[in-house]
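Chain letters run A, B, ... following the sequence lines, proteins first and then strands; every chain starts at 1. Computation of the quantities below employed the complete heavy-atom set of this structure, encompassing side-chain atoms and omitting hydrogens, waters and symmetry-equivalent molecules. For clarity, every value in this text was computed on a predicted model and none was experimentally measured.
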Amino acid sequence: MDEPLSPTPIKGALQSTIPIEPIQLQGWVRTRRDSKDFSFIELNDGSCLRNLQIIAKNTLPNYAALQRLTTGASISVRGALVASQGKGQKWEVVADKIDIVGGADDTYPLQKKGHTPEFLREIAHLRPRSNLFGCVFRVRSRLAFAIHQFFQERGFVYVHTPIVTGSDCEGAGELFRVTTIDCDYTKDFFARQTYLTVSGQLEAEAFALALSRVYTFGPTFRAENSNTSRHASEFWMIEPEMAFCDLNGNMDLAEEIVKYLITDVRKCCPEEMELFAKFVDKELLARLDFVVERAFQRISYSDAVDLLRKSGEKFEFPIDYGLNLQSEHERWLTEKHFKCPVTVFDYPKEIKPFYMRLNDDGKTVAAIDLLVPGIGEIVGGSQREERLDMLEENMRGHKMDPADYKWYLDLRRYGTVPHSGFGLGFERMLMFITGVSNIRDVIPFARTPGSAEF
RNA sequence: UCCAGCGUAGCUCAGUGGUAGAGCGGUCGGCUGUUAACCGAUUGGUCGUAGGUUCGAAUCCUACCGCUGGAGCCA
């Protein structure tokens, strides 16, 4: 009876310019309403935000069962895509056959309306079926694609740096240990202590000094006991690394990619962005447009310190040269003073890692932090120390033994060049673009201290 | 890890020492080309967990767990 008919994604059906008959659809019931002689079924398949309205007439043989369909059930529909008689949608499907693929009983936790992100987080396996999270994860996918597109268009080579690493001192916090046994690491799987990577930067530098412009994009792990809306134990990071590139080139690229990614998602995910603007953050679109249009502010650390001192603002924490800028200081710069993304550069060497290049003043290093309103630091990077003797000295200053980093120092022994790079937090970028304020809500199954469910 | 707040029905919340509540959802019935439909009825609870105070604890105290906001660390 059923001639084979390949299913049409709901996104495609809704974009159709002509009626289609027959049409095959499959998806999950979002809601159902009864009318006198038929039932309206709102069908969603995740291909887009919108649902497709299915008309199930009471002449269908399984109409009684269809009337018992509840939110969450999966169905397969064959029918005709026709112009809708009702208001609110262009198309609807008059069904001539509806198969109930998988029922959902009344314990299905998702209702038609109003769930908090906190509740949905507890049912992370079902939340992609909600409007908000469907949008977040479609945008996540698009953003990942746009990142590759950005770099590939510019001749960067994608490098897969190791996830299991022996580098235990990359200056980026606590590491997860990788082991198959308890104590003697010389007899362990890798015959040495290994960890999950906290950054692919050191390895990316090796490839940049061969392929000129490279980037990494992969998972990163930090075992810090951070309990904030902006930190996760497992997250994704983008790390470009460019040979023959100084700090200015680095700042240019950071600004360019932030603008590119916003522009791409604005263009490719308009319905999702509309939903975020409506339900997550009313000022989102205006803020993103502003960011794309204006040049980012650039200010040296010492000028930023002066500006903060003269601001007249009462800060909880002291501002002084040599101290790290506190969150409240960064917020003031980006949210109150400049009201746009701000790149702060040339930080005191004492508060930055060993690999950053010492400036001619002998006091600062060529570091950058790109701060955005609402999120804070979204990019951290630097020009790398390419001079062998200076790098060894920096290592000793950071109580590291240069002998442990022979391969990294080799990069300075053989054909060293000035080079720069940065780390862009993928989830932080996604938060900035969607307006979603908790990092746990932009990761499919978030890992945070004390929490690794699913 | 530190500071503050919160934890009551499937969900959102009210209840501040004396019989456990509402709205939404679900279920049943009615109405209806509906749109977070509407109308009526009905269903629904180990008040986060474990101790303690009290004649009596959702309510007061202690510890723990979880969540939220802020801080530190950073992306």
Side-chain angles (χ1 to χ4, degrees), chain A residues 30-42 50-57 67-68 70-72 83-89 92 94 104-123 126 130-131 170-174 198-201 216-217 219-239 254 279 315-317 324-331 351-353 369-372 375-381 422-432 437-443 448-451 453:
Chain A
R30 277 299 176 79
T31 175
R32 192 186 55 76
R33 295 176 290 274
D34 279 329
S35 189
K36 194 173 178 185
D37 300 321
F38 51 90
S39 196
F40 294 105
I41 299 168
E42 297 265 352
R50 280 184 293 159
N51 306 322
L52 182 54
Q53 179 164 283
I54 311 292
I55 310 295
K57 290 186 175 161
Q67 277 195 305
R68 287 194 300 274
T70 52
T71 307
S84 177
Q85 296 173 34
K87 289 172 188 164
Q89 62 279 316
E92 64 190 17
V94 178
D105 67 18
D106 58 13
T107 60
Y108 185 68
L110 287 169
Q111 300 169 7
K112 295 177 199 176
K113 53 182 167 182
H115 284 304
T116 60
E118 291 79 21
F119 167 69
L120 292 168
R121 205 178 293 153
E122 294 168 16
I123 48 167
L126 297 173
S130 69
N131 284 340
E170 295 171 11
E174 300 293 314
V198 293
S199 165
Q201 181 202 315
T216 74
F217 179 23
T220 308
F221 305 88
R222 307 247 168 117
E224 255 131 27
N225 195 2
S226 301
N227 284 293
T228 81
S229 55
R230 324 179 284 290
H231 289 84
S233 311
E234 176 182 327
F235 62 98
W236 283 55
M237 186 157 65
I238 299 108
E239 295 180 288
F279 295 113
F315 293 111
E316 191 188 338
F317 292 95
N324 249 318
L325 295 180
Q326 303 289 315
S327 281
E328 57 172 349
H329 306 142
E330 295 181 346
R331 283 205 155 157
I351 58 175
K352 290 292 180 184
D369 277 358
L370 172 54
L371 314 173
V372 296
I375 310 277
E377 187 178 340
I378 197 166
V379 166
F422 59 79
L424 167 65
F426 179 63
E427 284 82 6
R428 288 192 181 172
M429 190 68 216
L430 187 55
M431 290 166 73
F432 187 61
S437 60
N438 195 311
I439 197 167
R440 290 157 231 236
D441 296 332
V442 297
I443 299 176
T448 51
S451 176
E453 265 205 85

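- Side-chain proximity of A:Ser229 to the nucleotides B:A71, B:C74, B:G70 is greatest for B:G70.
- Heavy-atom minimum distance, A:Ser35 versus A:Phe40: CB-CE1, 4.0 Å.
- Using a 4.0 Å heavy-atom criterion, one finds that A:Ile439 contacts the bases of the nucleic acid, with or without backbone contacts as well.
- Side-chain atoms of A:Thr70 come within 3.5 Å of backbone atoms of A:Ala104 as a donor-acceptor pair (strictly under, hydrogens ignored).
- A ring-ring contact (aromatic ring centres under 6.0 Å, His included) with A:Phe426 is found for one member of A:Phe235, A:Phe217, A:Trp236 and no other, namely A:Phe217.
- Set against B:G69, B:C24, B:A71, the side chain of A:Asn438 has B:G69 as its closest nucleotide.
- Nucleotide B:A41: paired with B:U27 (Watson-Crick or G-U wobble, both distances less than 3.5 Å).
- Mapping A:Phe317 and A:Thr448 onto RNA chain B by nearest heavy atom places A:Thr448 at the nucleotide closer to the 5' end.
- Using the Watson-Crick or G-U wobble rule with both distances under 3.5 Å, B:A4 pairs with B:U68.
- A:Leu424 comes within 4.0 angstrom of nothing in the nucleic acid, heavy atoms only.
- Rounded to whole Å, the distance from CD on A:Glu118 to P on B:C6 is 16 Å.
- Side-chain contact between A:Arg230 and A:Ile439 is absent, with no heavy atoms from C-beta onward closer than 4.5 Å.
- Taking every heavy atom of both residues into account, A:Arg440 and A:Thr228 meet most closely at NH2-O, 3.2 Å.
- Atom C1' of nucleotide B:C74 and atom CD of A:Glu427 are separated by 13 Å, given to the nearest angstrom.
- The residue A:Thr220 sits apart from the nucleic acid: no heavy atom pair falls under 4.0 Å.
- Distance noted for atom C1' between B:U19 and B:A57: 14 Å (whole Å).
- Listed for the A:Ser39 side chain is a donor-acceptor partner under 3.5 Å among the backbone atoms of A:Arg33.
- Here, B:G56 and B:C67 have their P atoms 35 Å apart, quoted to the whole Å.
- Taking atom C1' on both nucleotides, B:G25 is separated from B:A37 by 15 Å, rounded to a whole Å.
- In this structure, A:Arg222 places its CZ atom 17 Å from P of B:G72, rounding to the nearest Å.
- Comparing the P positions of B:U53 and B:G44 gives an interatomic distance of 35 Å, to the nearest angstrom.
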Encode nucleotides 27-45 of chain B as B, S and - characters from 5' to 3', where the letter depends on protein heavy atoms closer than 4.0 Å: B to the base, S only to sugar-phosphate, - to neither.
-> S----BBBBBS--------
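- For the pair A:Leu325 and A:Trp236, both in contact range of RNA chain B, the more 5′-proximal nearest nucleotide belongs to A:Leu325.
- Atom C1' of B:C13 sits at a distance of 14 Å from the matching atom of B:A20, rounded to the whole Å.
- Nucleotides B:C61 and B:G21 are separated by 25 Å at their P atoms, to the nearest Å.
- Contact of A:His115 with B:C11 (side chain to base): no donor-acceptor pair of N or O atoms is detected under 3.5 Å.
- Rounded to whole Å, atom C1' of B:G66 lies 15 Å from atom CZ of A:Phe119.
- Separating the CD atom of A:Gln326 from the C1' atom of B:C2 is a distance of 14 Å, rounded to the nearest angstrom.
- Side chain A:Gln111 to base B:G26: no donor-acceptor pair is found below 3.5 Å.
- Distance check on atom C1': B:C3 versus B:G72 gives 12 Å, rounded to whole Å.
- A:Phe315 has its CZ atom 17 Å from the P atom of B:G70, to the nearest Å.
- Residue A:Phe235 and nucleotide B:A75 are classified as a stacked aromatic pair, their ring centres being separated by less than 5.5 Å at an interplanar angle below 30°.
- Rounded to whole Å, the separation between the P atoms of B:A22 and B:U32 comes to 31 Å.
- If you check distances only, the side chain of A:Arg440 never reaches the base of B:C67 with a donor-acceptor pair under 3.5 Å.
- Counting atom types as modelled, A:Ser226 pairs no side-chain N or O with a base atom of B:C74 as donor and acceptor under 3.5 Å.
- Between A:His329 and A:Phe315, the gap from one ring centroid to the other is short of 6.0 Å.
- In plain terms, the two heavy atoms of A:Glu239 and A:Ser199 that are nearest each other are OE2-OG, 2.8 Å.
- Here the closest non-hydrogen pair linking A:Val372 and A:Ile378 is CG1-CG2, 3.8 Å.
- The nucleotide whose nearest atom lies closest to any side-chain atom of A:Asn225 is, among B:U1, B:A71, B:A75, B:U1.
- Base pairing of B:A50: its partner is B:U62, meeting the Watson-Crick or G-U wobble criterion (both donor-acceptor distances under 3.5 Å).
- In this structure, CD of A:Glu328 is placed 8 Å from P of B:A71, rounded to the nearest angstrom.
- To the nearest angstrom, C1' of B:C74 lies 10 Å from CD of A:Glu330.
- Taking all atoms of both residues into account, the shortest heavy-atom contact from A:Glu174 to A:Val198 is O-CG1, 4.0 Å.
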